[in-house]
Number of protein chains: 2
Amino acid sequence: MGRSRVQGKHAGLTRDQVLRAAVRLADRDGVEALSMRKLARELDVEAMTLYHHVRNKQGLEDAIVEYVLAESLRPPPEPAGWQEVVAGHAADLHRGLTQHPGAVLLFATRTAVTPRTLAILEQSLRVLRDAGFAPRTALHLIYAVAGAVVGQHLAYAGEQAQPAVDAPAVGDDHPVLAAALADGPVTMESRLDFTLTTLIAGFEALRQGGGSR
Amino acid sequence: MGRSRVQGKHAGLTRDQVLRAAVRLADRDGVEALSMRKLARELDVEAMTLYHHVRNKQGLEDAIVEYVLAESLRPPPEPAGWQEVVAGHAADLHRGLTQHPGAVLLFATRTAVTPRTLAILEQSLRVLRDAGFAPRTALHLIYAVAGAVVGQHLAYAGEQAQPAVDAPAVGDDHPVLAAALADGPVTMESRLDFTLTTLIAGFEALRQGGGSR
DNA sequence: ACCTGAACACCGTTCAAGT
DNA sequence: ACCTGAACACCGTTCAAGT
């Protein structure tokens, strides 16, 4: 706290400082609590100062997504099997969203298309094509995996605020549901794991059915 | 729009009218434009009046989700194969979100656990269990499908506001990506279709691998 | 170049008051 | 019982002004 500064002098504020503070604030208090004014207060600066580093709030949110994505995404290892690439992508994204829960909702509502993400996407697509998938199928596959990871994080975030479906809430009228929950509530980790395993098994079946090599 | 009414008399406003107007407003102008004050104006009523029908804005949003879900979800046909149940659920949800784009973001952030949704969930789980899936696997499956549908709608909504990844944006540095997009941009429909097909293929593989019958 | 302060048009929600 | 109006504590953003 408390970057000391003479009134009316340069704060020496950089865009990177703004973004880091924004991510920290969103992670700590939730995205819905992220406001230009609160962020400014955090940085010991007037709200309007932020507009010098960011076009507007939209732009701030876009930048947060790029920031977290850049921090999370790693190029696929070379050489890699396609399952590794897919699972690796999912793991990267999962780790990023786990470390930055404040970014989850932002990830869900915008796509960060930057040179870096395009380059990583291209590399991943190449591996998948070499494994026998048609380029378009490979792209679909990446979308499906990304969607699954973000989707499960969103659902998880929703359940934090709201009671989830668990055994006590279910009662005796729903025996199969009760049986499903007998071993405890279904966690995000297990749901994500299940979805990814299932997707990869499905991909495999489709590839054998008829990829374009 | 003028529901005419004498000042200070009963407006005769019902909760159902409030919800219908809220859904209409969110679908027309987007969720981010949905405010208590604007909704009140739409209903020719003072903002505070709404608090008589709804606890607060959170409560309004919860009610919207329940409303749209109730309108969309149908019980699975009996008798039905498990693929039908899964695809049917996805189709119901997809139709509901297509008709009510204003509800997409709300669906992503909360889970509407009502007697009706629990009952439909139980019916679906029963079909899946009878098809050879363990109850917990069946629940995972439903979650995965719901997540996929909501996820693709979210991504689609994001792309409406923001340029998607398409061929012109990609250029020559990304040949595989360019090839993937050569037949036009990847639509939400095709992504959703791909994800569901893949999930079902994966489920099938898992069932044969070792369900608990 | 970088930062500020007042101002504008909004929010959700409380509370006491009206009919 | 149902609805209102003023008030409070917030928003994002523009604009002219300060150093």
Just how far, in rounded Å, is [atom2] of [N] from [atom1] of [X]?
{"X": "Arg15(A)", "N": "dC2(C)", "atom1": "CZ", "atom2": "P", "answer": "14 Å"}
{"X": "His52(A)", "N": "dG12(D)", "atom1": "NE2", "atom2": "P", "answer": "19 Å"}
{"X": "Arg55(A)", "N": "dG12(D)", "atom1": "CZ", "atom2": "P", "answer": "17 Å"}
{"X": "Asp44(B)", "N": "dC3(D)", "atom1": "CG", "atom2": "C1'", "answer": "13 Å"}
{"X": "Leu39(A)", "N": "dT13(D)", "atom1": "CG", "atom2": "C1'", "answer": "15 Å"}
{"X": "Gln17(B)", "N": "dC3(D)", "atom1": "CD", "atom2": "C1'", "answer": "15 Å"}
{"X": "Glu46(A)", "N": "dG12(D)", "atom1": "CD", "atom2": "P", "answer": "14 Å"}

Residue-phosphate contact under 4.0 Å: Tyr51(B) side-chain N/O, dT13(C) OP1/OP2: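 For Tyr51(B), the contact criterion (side-chain N or O under 4.0 Å from OP1 or OP2 of dT13(C)) is met.
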Counting only side-chain N and O atoms of Thr49(A), is one of them less than 4.0 Å from OP1 or OP2 of dT4(C)?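 Answer is yes, contact under 4.0 Å.
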Runs of at least three consecutive Watson-Crick or G-U pairs, both distances under 3.5 Å, are what I'm after; which ones involve DNA chain D?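 Only these stems qualify: C:4-8 with D:12-16, C:12-16 with D:4-8.
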Taking side chain as C-beta onward, heavy atoms only, is [X] less than 4.5 Å from [Y]?
{"X": "Leu19(A)", "Y": "Leu60(A)", "value": "yes"}
{"X": "Trp82(B)", "Y": "Ile200(B)", "value": "yes"}
{"X": "Val85(A)", "Y": "His89(A)", "value": "yes"}
{"X": "Leu13(B)", "Y": "Thr49(B)", "value": "yes"}

Just the atom pairs and distances: protein N or O near nucleotides 7-11 of chain C's N or O, under 3.5 Å.
from, atom 1, to, atom 2, distance (Å)
dC11(C), OP1, Ser35(B), OG, 3.3

Can a donor-acceptor pair be found, under 3.5 Å and without considering hydrogens, that links the side chain of His53(A) to the backbone of Val18(A)?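 No, His53(A) side chain to Val18(A) backbone: no donor-acceptor pair under 3.5 Å.
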From dT13(D), dC3(C), dT4(D), pick the nucleotide closest to the side chain of His53(A)?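 The nucleotide sitting nearest to the side chain is dC3(C).
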Separation between CE of Met188(B) and OH of Tyr143(A), rounded to the nearest 0.5 Å: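 If I round to the nearest 0.5 Å, the distance is 13.5 Å.
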Show the nearest heavy-atom pair for residues Thr109(B) and Leu105(B), with the distance to one decimal.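 Between these two residues, the closest heavy atoms are OG1-O, 3.0 Å.
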Would you call the rings of His94(A) and His153(A) parallel, tilted or perpendicular, taking 30° and 60° as the class edges?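 It falls in the tilted class, 30° to 60°.
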Tell me, with the steps shown, if Thr137(A) and Phe194(B) meet side chain to side chain contact (heavy atoms under 4.5 Å, CB included). CA-CA 8 Å; Thr137(A) 305; Phe194(B) 178 88; 3.7 Å; yes
